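In what follows, chains carry the letters A, B, and so on, assigned in the order in which the sequence lines appear, proteins first and then strands, with residues in each chain numbered from 1. Being a predicted model, the structure only gives us computed values, none of them experimental.
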Amino acid sequence: MTLKVINLYRRLLKHFGKQEWWSTISTENPKFEVIVGAILTQQTAWKNVEMAIKNLKDENLLEAKKLFKLPISRLKVLIKPCGFLKVKTKRLRSFLKFFIENFDAELEKMFEKNLNELRRELLSVHGIGYETCDSILLYAGEKPIFVVDAYTFRLCERYPIINSKNYEEVREFFEKNLPRDVNLFKEFHALIVELGKNYCKTKPLCEKCPLKKGCKHAISIDNLPN
DNA sequence: ACCCAGGTGGCCC
DNA sequence: GGGCCACATGGG
């Protein structure tokens, strides 16, 4: 199974090329920007999030303490383009409060904490669920946690590697069947998103999907004796 | 005029 | 544990 998962990664990489969007962020505070983005992008197109981030950046507000001091009404206006104003304002502020109170708004302090404990704590913050939590840990914290999202579940339905709709089960499956490599995890998740955006929009798998053609090939590799 | 987007919490069973 | 709903804006 490990071979099949790695083969899937190779195929996606070959088809879509390296994504590496996270290394194109050129801000003074890229990791914090990743965290804010992770919260704002919930159920929202990244284009909308970019507008909101730009609003914050233009006001030099990509810094936790500044952002937390900002009046709620003002924050709502700035993040307006990504929708769910009330909800996301509350969620963003919940994280900021947690980050400031527990780690004095210092990323190094937060990420030096024991990974399992930190993950549990993040998950207990209002508005931070599995995907947001793990995106923060992987892309901002450089931790070897595999991010699962709606596209990953769709992929698993169509490309039978694991039969589960349970977040933790799917995450552990990928982590178990891949080398523990942060950059690999980042790239793999990004590729799954790219696949989803391009090919897995519709319920039935569309004809053009690169997985469809290669599916049999991957399965036959699994059937080979190691 | 639809439909969808890299989710989450609340409420129900 | 899982199913369903509200949450809001911008783009196709």
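- Residues that satisfy the side-chain contact (heavy atoms from CB on, under 4.5 Å) test with A:Lys143, not counting sequence neighbours, are A:Phe111, A:Leu115, A:Leu137, A:Ile145.
- With rounding to whole Å, A:Lys197 atom NZ is found 22 Å from B:dC3 atom P.
- When the P atom is used for both C:dC5 and B:dC3, the distance is 15 Å, rounded to whole Å.
- If you check residues 70-83 of chain A against DNA chain B, you find no residue with a heavy atom closer than 4.0 Å.
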With a 3.5 Å cut-off and sequence neighbours excluded, list the donor-acceptor pairs that the side chains of residues 75-88 of chain A form with protein atoms.
from, atom 1, to, atom 2, distance (Å)
A:Lys88, NZ, A:Leu40, O, 2.6
A:Lys88, NZ, A:Gln42, O, 3.1
A:Lys88, NZ, A:Thr44, OG1, 2.6
A:Lys88, NZ, A:Cys82, O, 3.2

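- For A:Lys86, the listed nucleotide lying nearest its side chain is C:dA8; candidates were B:dA5, B:dG6, C:dA8.
- In this entry the distance linking CH2 of A:Trp46 with C1' of B:dG6 reads 9 Å, nearest Å.
- In the region residues 182-191 of chain A, proximity to DNA chain C at under 4.0 angstrom, judged on heavy atoms, holds for none of the residues.
- Among A:Lys66, A:Arg74, A:Lys54, the one residue that satisfies the salt bridge (charged side-chain N to carboxylate O under 4.0 Å, His left out) test with A:Glu59 is A:Arg74.
- Evaluation of the ring-ring contact (aromatic ring centres under 6.0 Å, His included) rule for A:Tyr9 yields A:Phe188 as partners, not counting sequence neighbours.
- A:Lys65 is linked by a side chain to side chain donor-acceptor pair (under 3.5 Å) to A:Asp104, counting only residues two or more places apart in sequence or in another chain.
- A:Ser135 comes within contact range of at least one nucleobase, with a heavy-atom separation under 4.0 Å.
- Residue pairs that meet the side chain to side chain donor-acceptor pair (under 3.5 Å) test with at least one member in residues 107-116 of chain A, sequence neighbours left out, are A:Lys113-A:Glu121.
- Remark: A:Lys18 pairs with A:Leu13, A:Glu20, A:Glu187 by the side-chain contact (heavy atoms from CB on, under 4.5 Å) rule, at least two apart or across chains.
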At under 4.0 Å between heavy atoms, which parts of nucleotides 7-13 of chain B does protein reach? Answer with one letter per nucleotide, 5' to 3': B base, S sugar-phosphate only, - none.
-> BBS----

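- Screening residues 112-135 of chain A for ring-ring contact (aromatic ring centres under 6.0 Å, His included) gives A:Tyr130-A:Tyr167 as the qualifying pairs, with residues at least two apart or on separate chains.
- In this structure, A:Phe99 and A:Phe68 have side chains that are not in contact, with every pair of non-hydrogen atoms separated by 4.5 Å or more.
- In this view, A:Asn102 and A:Phe98 satisfy the side-chain contact (heavy atoms from CB on, under 4.5 Å) rule, not counting sequence neighbours.
- Contacts of A:Ala45 classified as side-chain contact (heavy atoms from CB on, under 4.5 Å), with partners at least two apart in sequence or in another chain: A:Asn48.
- Remark: P of C:dA6 and CG of A:Leu85 are 18 Å apart, rounded to the nearest angstrom.
- Atom CG of A:Asn48 is separated from atom C1' of B:dC4 by 11 Å (rounded to the nearest Å).
- Spacing between B:dG6 and C:dC4 at atom P, rounded to whole Å, works out to 22 Å.
- One atom, CD of A:Glu50, and another, C1' of C:dT9, lie 15 Å apart when rounded to the nearest Å.
- Following rounding to the nearest Å, A:Gln19 (CD) and B:dG6 (P) show an atom-to-atom distance of 13 Å.
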